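The structure appears right after this line, and notes come after that.
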Amino acid sequence: MTIRTAVLPVAGLGTRFLPVTKSIPKEMLSVVDRPLIQYVVEEAFSAGIEQVVLVSSRSKSVLEDHFDSHVELEMALEAKGKDELLQLVKDLTPPKGRSISAVRQSAPLGLGHAVLCAQAVVGREPFAVLLPDDLIWTDDATPSVLTQMVEQYEKIQASVVAVMEVSPAQTNLYGVIDPSNPDVSKGDSVIKAKGFVEKPSPDIAPSNLAVVGRYILTPEIFPLLANGKKGAGGEIQLTDAISALLEQQSVFGYRFSGTRYDCGDKIGYQKANLALSLQRPDMRSELLPFIKEQLASWS
Ligand code: UTP
């Protein structure tokens, strides 16, 4: 079965980014000149997704507005002959055959609960989950991470979660895969999971392969989320349901090609802005001398 639907949970409170997130959704923070949400929506469509479902909340309708047409603005740009900007704005609305819709999560009861809120729209099909605060950059020669994962799903027909190597000292910051074959050092990209451990301290971590915000899940995850007990932080955790899914069917980790920036965190967000600005030839020429100047003043 092909992956038609992508669920984008955007109903979190974004407390790590207060005060800006008091009135602006974290997913609208911009990296260079695009809001975080736009990167994941584009990634989803590039992977062949037909319907994107935002799991949103009361204060976040601006996210839907970003992908809706803005007639007044389009007319003004047209009248001024600003064709490039007009195209930029028009390209935000989904192309024919693609859609962006939203369901509500009435209270931030956790990522697992947010995914469960999309069940009626997803139906009984495998689906993707993308977390907008994980920006995963791939160069022009590399397919997007979700494209890579859909390709793997088509081969193995089982749930796939994105994993990346982190330094062993950092395992306590992530959910970590417990691989069936403990020898993950040889760099296989697809890794069969025996379990997942949430934020293990380095001395007991089963691997240093951390789960990041891209998943392809089979619909059997939904009853497990519905029956899910509250886990860490009193929230319904997606990782707990994926661990329960493992008792019924295989789940694989996928070591993707790409660079992940944790844009839910202030440092990761700044790194993303810096790295992606430097990718742009027009910005690089002014930014590089500025960075060198700054470095010199600090040394
Ligand atoms: P995070 O824990 O990173 O996001 O959840 P948060 O809760 O918004 O941020 P902090 O920790 O308070 O700073 C990962 C993703 O899951 C969504 C978030 O919007 C984010 O995209 N999420 C989280 C929900 O949609 N609902 C929830 O109840 C919790």
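In listed order, ligands and their atoms are each counted from 1. What you see is a predicted model; the values in this text were computed from it and never measured.
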Write out the residue and atom name of the closest protein heavy atom to [atom], then the distance separating them to 0.1 Å.
atom	value
atom 21 (O) of ligand 1	P9 O, 2.8 Å
atom 2 (O) of ligand 1	R16 NH2, 4.3 Å
atom 5 (O) of ligand 1	D133 OD2, 4.6 Å
atom 16 (O) of ligand 1	L111 CD1, 3.6 Å
atom 28 (O) of ligand 1	G110 N, 2.7 Å
atom 9 (O) of ligand 1	K26 NZ, 3.3 Å

Closest heavy-atom pair and its distance - L135, C263 =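 Result for this residue pair: CB-SG, 3.9 Å.
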task = Might you point out which heavy atoms bring P25 and S23 nearest each other, and give the distance in Å?
result =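 What the structure gives for the nearest pair is CD-O, 4.0 Å.
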Ligand 1 versus [X], non-hydrogen atoms closer than 4.0 Å: side chain, backbone, both, neither?
X	value
T15	both
A11	both
V10	backbone

key: Matching residue for F256 among M164, Q152, M149 - test: side-chain contact (heavy atoms from CB on, under 4.5 Å)   =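 Result: among M164, Q152, M149, M164 is the only option passing the side-chain contact (heavy atoms from CB on, under 4.5 Å) with F256.
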Min N/O separation [X] to ligand 1 under 3.5 Å:
X	result
G12	yes
G264	no
G14	yes
L13	yes
L109	yes
L131	no

Would [X] and [Y] show up in the same hydrophobic cluster when neighbours are defined by side-chain heavy atoms closer than 4.5 Å?
X	Y	value
L63	V31	yes
L276	I37	yes
I221	V212	no

For [X], counting its heavy atoms only, list the atoms of ligand 1 lying under 4.0 Å from any of them.
X	result
P132	21 (O)
E27	19 (O), 21 (O)
P108	28 (O)
A114	24 (C), 25 (O), 26 (N)

message = Could you tell me if Q87 and D91 have a donor-acceptor pair between their side chains, going purely by distance under 3.5 Å?
response =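 Side-chain D/A pair, D91 to Q87: present.
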Would you tabulate the side-chain donor-acceptor contacts of residues 42-49 under 3.5 Å, counting partners in other chains and residues two or more places apart, or write 'none'?
residue	atom	partner	partner atom	Å
E42	OE1	R34	NH1	2.4
E42	OE2	Q38	NE2	2.9
E43	OE1	R214	NE	3.3
E43	OE1	R214	NH2	3.0
E43	OE2	L146	N	3.1
E43	OE2	R214	NE	2.9
S46	OG	E43	O	2.8
S46	OG	S144	OG	3.2

query = Is E72 atom CD crowded by more than 12 heavy atoms from other residues, nucleotides or ligands, each under 6.0 Å away?
reply =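 It does not: E72 CD has 12 such atoms or fewer within range.
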task = Return yes when atom CG of L295 has more than 12 non-hydrogen atoms of other residues, nucleotides or ligands closer than 6.0 Å, and no otherwise.
result =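 Yes, CG of L295 has more than 12 neighbouring heavy atoms, counting only those of other groups under 6.0 Å.
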task = Measure the acute angle between the ring planes of Y269 and F17, then classify it against the limits of 30° and 60° as parallel, tilted or perpendicular.
result =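 Perpendicular.
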inquiry  = Among H113, Q237, Q105, which one puts a heavy atom closest to atom 26 (N) of ligand 1?
reply    =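 That would be Q105.
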Could you give the side-chain donor-acceptor pairs of residues 108-125 under 3.5 Å, partners two or more places apart or in another chain?
residue	atom	partner	partner atom	Å
H113	ND1	Q105	NE2	2.9
E125	OE1	R4	NE	3.2
E125	OE2	R4	NE	3.3
E125	OE2	R4	NH2	3.1

